[in-house]
Amino acid sequence: MEGLIELEEERIPISEKLEVINYTTIYKSGKWWTAVALVNSFGRKQISLYLWLNRDGKWKRNQKYTIHSRSEWEKIKEAVEKYLDSLKP
């Protein structure tokens, strides 16, 4: 998909307790960084959407949303898609 960074060289700034399996940067500037990560969290895989803010040269998590199952994702996707036509292309 155009605009997404697939091969990452920089480690995403998340807890060392989580094993990062893979991640995709959606947007990154000097101040903001958004990424989707597939992680192993205490033996369970989950997908999280992260938003970090760069404060004084360090990335600090501003927001995180975790998807725990395919059925949960389908509900989220269905709800979001209802509003997509309201957005600009």
Euclidean distance, [Y] [atom2] relative to [X] [atom1], rounded to 0.5 Å:
{"X": "Tyr23", "Y": "Glu10", "atom1": "OH", "atom2": "CD", "answer": "6.0 Å"}
{"X": "Arg61", "Y": "Ser15", "atom1": "CZ", "atom2": "OG", "answer": "9.0 Å"}
{"X": "Ile67", "Y": "Lys75", "atom1": "CD1", "atom2": "NZ", "answer": "13.0 Å"}
{"X": "Thr24", "Y": "Ile12", "atom1": "OG1", "atom2": "CD1", "answer": "9.5 Å"}
{"X": "Glu19", "Y": "Ser41", "atom1": "CD", "atom2": "OG", "answer": "10.5 Å"}

**Asked** Heavy atoms, side chains only, cut-off 4.5 Å: are Trp33 and Asn62 in contact?
**Response** no
Nearest heavy-atom pair of [X] and [Y]: which atoms, and what distance?
{"X": "Ser29", "Y": "Tyr27", "result": "CB-OH, 3.4 Å"}
{"X": "Trp52", "Y": "Pro13", "result": "NE1-O, 3.1 Å"}
{"X": "Thr66", "Y": "Glu72", "result": "O-OE2, 3.7 Å"}
{"X": "Leu38", "Y": "Lys45", "result": "CD1-CB, 4.3 Å"}
{"X": "Val39", "Y": "Val20", "result": "CG1-CA, 4.2 Å"}

**Request:** Count the heavy atoms of every other residue, nucleotide or ligand shown that sit under 6.0 Å from CD of Glu78, and state whether that count exceeds 12.
**Result:** no
**Asked** Within a radius of less than 6.0 Å around NZ of Lys64, do more than 12 heavy atoms belonging to other residues, nucleotides or ligands occur?
**Response** yes
When the side chains of residues 53-60 are checked against the rest of the protein, which donor-acceptor pairs come out under 3.5 Å, sequence neighbours left out?
residue: Asn54; atom: OD1; partner: Gly57; partner atom: N; Å: 3.1
residue: Asn54; atom: OD1; partner: Lys58; partner atom: N; Å: 3.1
residue: Asn54; atom: ND2; partner: Gly30; partner atom: O; Å: 3.2

**Message:** I'd like to know if the side chain of Ser48 and the backbone of Tyr50 have a donor-acceptor N/O pair within less than 3.5 Å.
**Reply:** no
**Asked** Given the rule that I, L, V, M, F, W and Y join up when any side-chain heavy atoms are under 4.5 Å apart, are Leu84 and Trp73 in one cluster?
**Response** yes
